Amino acid sequence: MEITPLPPTQKGPAQWFTGDVWFDVLAAPPAPARLRANAVRFAPGAHTFWHRHVNGQTLHVTEGTARVGTRDGTVVELRPGQTVWTPPGEWHWHGAAPDRFMTHLAMWEIGDGTAGPDTEWAEEVTDEQYGAAGG
């Protein structure tokens, strides 16, 4: 067993996020471990671009109100204590409601490289797509 040093809090890059997003890496152990986990804090209205994970992703909300959307137009709102799982390869976005900060734990398993990148990023989410939850 060992306590691993964690890197400093990082600002989410503009090519992946709309608005102010900050994250702390919680778990990124060396191989053969494959679990990755970040604590991610979104300013009100901030959200990811469209993306997908080769092995899916679990999001657990710890603060505020989250929105998660998929390509079929489904948008759900989550509150603290709620968890959502996006299946492998499902295009999705997630972020904060327009009037609240939101923090979630993002957990995913990296792939072995044979099915493409662990996370694939695409275009920005439109205002209409983000607002589909009623905001």
Side-chain angles (χ1 to χ4, degrees):
M1 178 172 66
E2 66 180 82
I3 297 174
T4 57
L6 298 177
T9 298
Q10 301 173 43
K11 174 103 166 76
Q15 68 266 27
W16 294 346
F17 298 98
T18 298
D20 288 329
V21 178
W22 296 86
F23 64 94
D24 289 300
V25 175
L26 301 178
R34 296 173 26 156
L35 174 69
R36 299 296 183 262
N38 290 344
V40 189
R41 183 166 171 103
F42 294 79
H47 52 277
T48 67
F49 282 27
W50 287 104
H51 64 288
R52 62 184 176 179
H53 302 274
V54 70
N55 288 320
Q57 182 180 44
T58 298
L59 304 169
H60 178 79
V61 179
T62 61
E63 172 191 25
T65 303
R67 289 184 176 178
V68 182
T70 59
R71 289 277 194 200
D72 68 3
T74 301
V75 178
V76 296
E77 284 198 349
L78 303 169
R79 305 245 172 345
Q82 292 184 302
T83 301
V84 67
W85 181 69
T86 60
E90 181 177 63
W91 287 102
H92 67 282
W93 60 267
H94 41 96
D99 59 347
R100 294 209 170 276
F101 280 93
M102 185 274 291
T103 302
H104 68 47
L105 302 178
M107 297 159 278
W108 68 102
E109 184 179 345
I110 62 170
D112 61 9
T114 61
D118 296 325
T119 303
E120 183 179 356
W121 293 92
E123 76 275 10
E124 190 170 0
V125 173
T126 67
D127 290 343
E128 181 179 80
Q129 292 164 330
Y130 171 77

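The structure displayed is predicted, hence computed values, not measured ones.
Shortest non-hydrogen contact noted between Pro88 and Asn55 is CG-C, 3.7 Å. Across every non-hydrogen atom of Gly64 and Pro80, the tightest pair is O-CD, 3.1 Å. Annotation for Val25 and Pro7: closest pair CB-CG, 3.9 Å, computed over non-hydrogen atoms. The two residues Pro44 and Pro98 come nearest to each other via the heavy atoms CB-O, 3.3 Å. Minimum interatomic distance between Ala43 and Ala96 (heavy atoms only, all atoms of both residues): O-CB, 3.4 Å.
Remark: Thr70 OG1 to Glu90 CD distance equals 5.5 Å, nearest 0.5 Å. If you take OH on Tyr130 and NE2 on His47, they are separated by 7.0 Å, rounding to the nearest 0.5 Å. Distance CE/Met102 to CZ/Arg41: 10.5 Å, rounded to 0.5 Å. Remark: Arg34 CZ to Ile110 CD1 distance equals 7.0 Å, nearest 0.5 Å. Here the straight-line distance linking atom CZ of Arg79 with atom OG1 of Thr65 works out to 4.0 Å at 0.5 Å rounding. Taking CD from Gln10 and CG from Asp24, the interatomic distance works out to 8.5 Å, rounded to the nearest 0.5 Å.
Side-chain contact check for Glu77 versus Arg67: some heavy-atom pair is nearer than 4.5 Å. Using a 4.5 Å heavy-atom cutoff, the side chains of Arg100 and Glu63 are not in contact. A 4.5 Å side-chain heavy-atom check between Leu26 and Met107 finds every atom pair outside the cut-off. In this structure the side chain of Asp20 reaches within 4.5 angstrom of the side chain of Lys11, judged on heavy atoms. At a threshold of 4.5 Å between non-hydrogen side-chain atoms, the residues His51 and His94 count as touching. In this structure, Val125 and Thr18 have side chains that are not in contact, with every pair of non-hydrogen atoms separated by 4.5 Å or more.
Follow the hydrophobic side-chain contacts under 4.5 Å out from Val75 and you never reach Trp85; the two are in separate clusters. Both Phe23 and Val68 are assigned to one and the same hydrophobic cluster, defined by single-linkage of ILVMFWY side chains at heavy-atom distances under 4.5 Å. A single hydrophobic cluster is not seen to contain both Trp108 and Leu59; linkage of ILVMFWY side chains at heavy-atom distances under 4.5 Å, directly or through other members, places them apart. Hydrophobic clustering, with ILVMFWY side chains joined whenever heavy atoms are under 4.5 angstrom apart, keeps Phe17 apart from Phe101.
Two rings, from Trp91 and Trp50, have their centers 6.0 Å or more apart.
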Next on the checklist: side chain to side chain contact (heavy atoms under 4.5 Å, CB included), that's the test. Do Phe42 and Val40 meet it? Break it down for me.
Outcome noted: CA-CA 7 Å; Phe42 294 79; Val40 189; 3.3 Å; yes
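Remark: the backbone N or O of Thr103 is paired with a side-chain donor or acceptor of Thr62 at under 3.5 angstrom. Remark: the backbone N or O of Thr74 is paired with a side-chain donor or acceptor of Asp72 at under 3.5 angstrom.
By the 6.0 Å contact criterion, CG on Asp99 is enclosed, its count of non-hydrogen atoms from other residues, nucleotides or ligands being greater than 12.
Among the candidates Gln57, Arg71, Arg52, the single residue satisfying the side chain to side chain donor-acceptor pair (under 3.5 Å) test with His92 is Gln57.
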